[in-house]
Amino acid sequence: MNDLTNAAFIKALLARHGFRFSKALGQNFIIDPTVCPRMAECCGAGPGVGVLEIGPGIGVLTEQLAQTAEKVVAVELDERLLPVLDETLGAFDNVRVIHGDVLKLDLFRILEENFFGLRAAVCANLPYYITSPVIMALLESRLPVESITVMVQKEAADRLCAAVGSRDAGAVTVAVNYYAEAEKLFDVPAGSFLPAPKVNSSVIRLTVRPEPPVALTDEKLFFRVVKSVFAQRRKTAANSVSAGLGISKAAVVAALAAIGQPETARAEQFDLPQLAAFANALTDAE
Ligand code: SAM
């Protein structure tokens, strides 16, 4: 029987398959037996729900998801883990493992082919080297999932879940908030993994919004403005946006005045509606 949170069991399993951990692929496997059941519950795995997992590793989270979800599709990049997953997940007939890079696969097709008639969610202990690119790719592509429950580095969790308009917020915070409601669920210490990473982790949930919370005249312009505002936080937004978008400082200052912000306003002085209004006010200045 599998005991995928038991370090001795894992070491024996991996030794049998001649597997060595790859740091480059962010391979730190969960060994705290309380973490995966909590993640499975928090992501809403249950009857009628299909869960897309990114990076199943040896299948410790996958088996928890498979016990409650209708169907699980797990995308794993490391070919060497495929025979391991065959062995550890062989007893489940509702799990499909797909070999590939989550950033390159056609996830729309995967969901369509596997989760027809099901509600869909993402659940993963993400490889940390691609945390933001994966989250942004899922959100920006508007993949039809209701929520994204992921383990990320604690600092990334703090940034992703910060309030827009607070000191911890960055451009990624704004982007995530535009597409989803972000909440931090629980912390996971470094000792909960094999091998133990140098950093602590947190599980966060992004509940995808059916509609954006603000109206934009030009979505692309909005994200360019946000990127510029947060690019150099010590600079004023007026200077950053003027330089970043090639718009005259006078036009940027006029847009700031139109939304009631002073010329000296900096990144942390804008909440999401204000950033939207700022970008909308700049539409004709470009
Ligand atoms: N889910 C397992 C767990 O919680 O113990 C493993 C998590 S480990 C942090 C990240 C996993 O993602 C590894 O199995 C790694 O091989 C895989 N991975 C890394 N880059 C990937 C990519 N671009 N696409 C899919 N999987 C990837």
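Note that the numbering runs from 1 along the sequence shown for the chain. In what follows, every heavy atom counts, from backbone to side chain, and hydrogens, waters and symmetry copies are set aside. We count ligands from 1, going down the list as the structure has it; atoms in each ligand are counted the same way.
Ligand 1 places these atoms under 4.0 Å from at least one heavy atom of D78: 16 (O). For ligand 1, the atoms lying closer than 4.0 Å to a non-hydrogen atom of L25 are 15 (C), 19 (C). Under a 4.0 Å criterion applied to the non-hydrogen atoms of G26, ligand 1 contributes the atoms 8 (S), 9 (C), 10 (C).
Contact between G59 and ligand 1 is absent, with no heavy atom of the residue lying under 4.0 Å from the ligand. Remark: distances from the non-hydrogen atoms of I130 to ligand 1 include one below 4.0 Å. Heavy-atom separations between L61 and ligand 1 are all 4.0 Å or longer.
Contacts of A66 classified as side-chain contact (heavy atoms from CB on, under 4.5 Å), with partners at least two apart in sequence or in another chain: V72, F92, N94, V95.
Heavy atoms of N125 found under 4.0 angstrom from ligand 1 belong to the backbone as well as the side chain. With a heavy-atom cut-off of 4.0 Å, E53 touches ligand 1 through its side chain alone. Looking at L81 against ligand 1, only its side chain comes within 4.0 Å, counting heavy atoms. Contact annotation for P56 and ligand 1: only backbone heavy atoms (N, CA, C, O) come within less than 4.0 Å of the ligand.
Under the 4.0 Å criterion applied to side-chain N and carboxylate O atoms, K220 and D218 are not assigned as salt-bridge partners.
Taking any N or O of Y129, backbone or side chain, at least one lies under 3.5 Å from an N or O belonging to ligand 1. Looking at I30 next to ligand 1, an N or O pair under 3.5 Å apart turns up. Looking at V102 next to ligand 1, an N or O pair under 3.5 Å apart turns up.
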Output, in order, the C-alpha distance, side-chain angles, deciding distance and verdict of salt bridge (Lys or Arg N to Asp or Glu O under 4.0 Å) for E146 and R119. CA-CA 7 Å; E146 290 182 359; R119 289 156 50 214; 3.2 Å; yes

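By the rule that hydrophobic residues join a cluster once side-chain heavy atoms approach within less than 4.5 Å of another member, I54 and V49 end up as members of separate clusters.
For F29 and F193, the distance between ring centers is not under 6.0 angstrom.
Looking at Q232, its side chain never comes within 3.5 Å of a backbone N or O of R234 through a donor-acceptor pair. Using modelled atom types, no side-chain atom of S240 and backbone atom of A237 make a donor-acceptor pair closer than 3.5 Å.
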Got a list of side-chain donor-acceptor pairs under 3.5 Å for residues 169-190, not counting sequence neighbours?
unit_1, atom_1, unit_2, atom_2, d
T173, OG1, R159, O, 2.9
T173, OG1, G170, N, 2.7
T173, OG1, G170, O, 3.2
N177, ND2, T173, O, 3.0
Y178, OH, E219, OE2, 2.6
E183, OE2, R205, NE, 3.0
E183, OE2, R205, NH2, 2.9
K184, NZ, D158, OD1, 2.9
K184, NZ, D187, OD1, 3.3
D187, OD1, S202, OG, 2.8

